Amino acid sequence: MGADETDKELVSRVKQGDRTAFDLLFGRYQHKICSLVARHVRNPEEVEDVAQEAFIKAFRALPKFRGESAFYTWLYRIAINTAHNHQMAKSRRPPGTDIDVEDAQFMDGADRLIENESPEAAASRDELADAIDQAIAALPDDLRSALALREFEGLSYERIAAIMECPVGTVRSRIFRAREAVDRRIGHLLDR
């Protein structure tokens with residue numbers, strides 16, 4: 001039995017009131033959804049909350065799931081929408097600036113292992129990583145999603161087309177345009 005057939009069986013069982021079946025679906029897709037959400041929600045502490053919110057929404061909406069697409073495709077859309085809604089709501093809130101001295105040890109980068117590379121190499125690597133993150137974040141949602149599904153999730157063009165509900169040619173075009181945009185933004189760093 002393939003993954004899609006297994007999902008259909010589990011969805012059917014959930015619709016009949018079997019909560020254990022939903023736990024199995026959750027276990028199967030938890031890491032994928034967290035990875036997906038992490039590409040849209042930059043704060044690592046918020047990623048699990050947003051992913052959990054997506055699963056809650058999916059559980060509540062499951063009785064309306066008609067199975068016209070694969071379960072993961074449907075769940076992916078819910079997760080993307082939840083992440084976008086979270087980011088929109090977050091952008092409306094004033095930024096928090098209350099940081100205690102004791103909390104400084106938990107700030108980004110404090111838990112990194114000591115590395116043996118030179119300070120210059122570390123700075124260049126960090127600069128390039130930041131530039132790539134910024135370039136991807138600056139992409140329009142459709143380009144960023146297509147690129148993330150291909151490069152980070154390793155999905156086929158056909159699967160991406162099903163998830164994004166567009167033709168395969170459009171997916172190829174979006175990924176090409178996304179790669180070009182990222183290359184333009186980081187090219188100067190690679191020329192060094």
Side-chain angles (χ1 to χ4, degrees), residues 1-44 46-92 133 135-182:
M1 185 181 281
D4 288 345
E5 290 80 25
T6 303
D7 288 351
K8 282 181 186 177
E9 175 63 29
L10 290 171
V11 166
S12 176
R13 287 175 41 194
V14 172
K15 286 182 176 184
Q16 295 169 6
D18 183 355
R19 289 187 175 221
T20 305
F22 190 79
D23 291 343
L24 293 171
L25 287 168
F26 176 81
R28 173 179 265 178
Y29 293 113
Q30 177 184 13
H31 295 293
K32 280 187 172 186
I33 295 301
C34 282
S35 295
L36 172 68
V37 168
R39 292 191 224 326
H40 297 275
V41 176
R42 296 288 180 215
N43 185 340
E46 296 173 359
V47 169
E48 279 191 39
D49 292 338
V50 174
Q52 184 175 14
E53 184 181 343
F55 276 105
I56 290 168
K57 287 180 179 180
F59 180 75
R60 289 182 179 151
L62 205 55
K64 297 176 187 167
F65 176 62
R66 295 186 307 263
E68 294 171 355
S69 64
F71 174 76
Y72 178 67
T73 302
W74 180 76
L75 180 61
Y76 172 90
R77 286 188 201 119
I78 291 173
I80 287 290
N81 290 336
T82 304
H84 286 170
N85 291 343
H86 174 79
Q87 289 300 93
M88 292 297 290
K90 187 177 176 181
S91 70
R92 292 183 188 123
D133 286 345
I136 292 172
L139 293 171
D141 285 344
D142 59 341
L143 300 185
R144 183 174 57 243
S145 293
L147 183 68
L149 288 171
R150 182 69 180 164
E151 300 299 335
F152 302 121
E153 296 289 328
L155 298 182
S156 69
Y157 290 108
E158 292 76 16
R159 184 77 177 201
I160 297 168
I163 290 169
M164 298 186 78
E165 297 179 324
C166 65
V168 173
T170 302
V171 169
R172 290 180 188 280
S173 172
R174 287 176 181 172
I175 292 170
F176 177 79
R177 290 179 13 232
R179 287 174 178 160
E180 272 191 329
V182 170

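Keep in mind it's a predicted model, so treat the numbers as computed, not measured.
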Kindly say whether [Y] contributes a backbone atom to a donor-acceptor pair with the side chain of [X] at under 3.5 angstrom?
X      : Y      : answer
Lys15  : Phe65  : yes
Arg150 : Leu155 : yes
Ser35  : His31  : yes
Arg174 : Leu147 : no
Arg77  : Ile163 : yes

[X] vs [Y] side-chain heavy atoms within contact, under 4.5 Å:
X      : Y      : answer
Glu158 : Val171 : no
Val37  : His86  : no
Ser12  : Lys8   : no
Asn85  : Glu53  : no
Arg172 : Ile175 : no
Arg28  : Thr6   : yes

Measure the [atom1]-[atom2] distance between [X] and [Y] for me, rounded to the nearest 0.5 Å.
X      : Y      : atom1 : atom2 : result
Glu46  : Gln87  : CD    : CD    : 7.0 Å
Leu62  : Trp74  : CG    : CH2   : 4.5 Å
Asp7   : Tyr72  : CG    : OH    : 11.0 Å
Leu139 : Arg179 : CG    : CZ    : 12.0 Å
Ile78  : Ile56  : CD1   : CD1   : 12.0 Å
Leu36  : Leu149 : CG    : CG    : 7.0 Å

Minimum heavy-atom distance between [X] and [Y], given as atom pair plus value:
X      : Y      : answer
Leu143 : Arg177 : CD2-NH2, 3.6 Å
Thr82  : Val50  : CG2-O, 3.7 Å
Ala162 : Thr73  : O-CG2, 3.7 Å
Ala51  : Cys34  : CB-SG, 3.7 Å

Within the supplied structure, the quantity of interest is the number of heavy atoms (other residues, nucleotides, ligands) at a distance under 6.0 Å from Phe176 CZ; does it exceed 12? no
Just wondering, more than 12 heavy atoms not from Glu48 lying within 6.0 Å of its CD? no
Is the shortest side-chain N to carboxylate O distance from Arg39 to Glu151 below 4.0 Å? no
Listed once per pair and sorted, the ring-ring contact (aromatic ring centres under 6.0 Å, His included) pairs that draw on residues 6-25, sequence neighbours left out: Phe22-Phe59
